[in-house]
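Excluded from the calculations below are hydrogen atoms, water molecules and symmetry mates; all remaining heavy atoms, backbone and side chain alike, are included. Order of listing sets the numbers, starting from 1, for every ligand and every atom in it.
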Amino acid sequence: MSSLFPAPESIVLSPGAVLLPGAGLSDEQGIVSALEAMLAQAPARQMVTPGGLLMSVAVSNCGRLGWVSDRSGYRYQAQDPDTALPWPAMPDCLFRLAHNAAARAGFDGFEPDACLISVYTPGARLSLHQDKDEREVAGHPLVSLSLGLPATFQLGGLSRSDKSIKVPLTHGDVLVWGGPSRLRYHGVATLPDGEHHLLGRRRVNLSFRHAG
Ligand code: SIN
Ligand code: FE2
């Protein structure tokens, strides 16, 4: 669908939090095929929280380190706990996309070594949380690429009870948050049903971090 007004190139949501609409679309086919290859190698699976709850979102990882959760806690590790094999390597096209998006948002030199792949099917949601399992939280931003079905991202404040703003994210949108926004709470509202022409009944989020 074309629009009279082109989408803006970037929207500053708060100091350090920048939405780059459609920034992931330039190599859409390459990204989607790299994603499907990684998920074939390390399938997304529902993990258990330290409190014993099954997450509704299924996750996998690529890169040197991957985020995992089980009864003993949240952590990053180099091996997939299901297979004891290293996570799939981070494809160059994804590394570059995350590096360039961070630079556009004001964070030069971002070198992600971890990428959490979150697969949402209709009904899945992610409750408000902070990303703080990385070794040097303050020094590196987070870069998040959304693919597939549209979702409502909730961007809260630095304490859990702060009001959150709703940010609609669609296929190809990239969100960067770092600096004073790095520890903002965030989550994803229950995914509505739908069908995406490339990803079917799924939303996939790729969350790039410098973890180690
Ligand atoms: C996350 O917080 O790790 C994922 C966020 C998202 O799915 O947009
Ligand atoms: Fe997160």
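Among protein heavy atoms, the minimum distance from atom 4 (C) of ligand 1 is reached at Asn205 OD1, 3.6 Å.
Side-chain atoms of Leu142 and Phe208, non-hydrogen and from C-beta on, never get closer than 4.5 Å to each other. Within the 4.5 Å cutoff, the side chain of Arg209 has no heavy atoms near those of the Pro112 side chain. Taking the side chain as every heavy atom from C-beta outward, Gln154 and Arg125 never approach each other to under 4.5 Å. Side-chain contact between Phe153 and His186 is present, with heavy atoms from C-beta onward closer than 4.5 Å.
Trp87 is linked by a ring-ring contact (aromatic ring centres under 6.0 Å, His included) to nothing, counting only residues two or more places apart in sequence or in another chain. Residues satisfying the ring-ring contact (aromatic ring centres under 6.0 Å, His included) test with His99, not counting sequence neighbours, are none.
Considering both main-chain and side-chain atoms, Ser118 never comes within under 3.5 Å of ligand 1 through any nitrogen or oxygen pair. Every N/O-N/O distance between Ser207 and ligand 1 stays at or above 3.5 Å. Any N or O atom pair closer than 3.5 Å counts here, and His129 shares at least one such pair with ligand 1.
Contacts between Gln130 and ligand 1 below 4.0 angstrom, taking non-hydrogen atoms only, are absent altogether. The residue Leu175 has no part lying near ligand 1, judged by heavy-atom distances below 4.0 Å.
Nearest N/O/S atom of Asp131 with respect to the Fe ion (ligand 2) is recorded as OD1.
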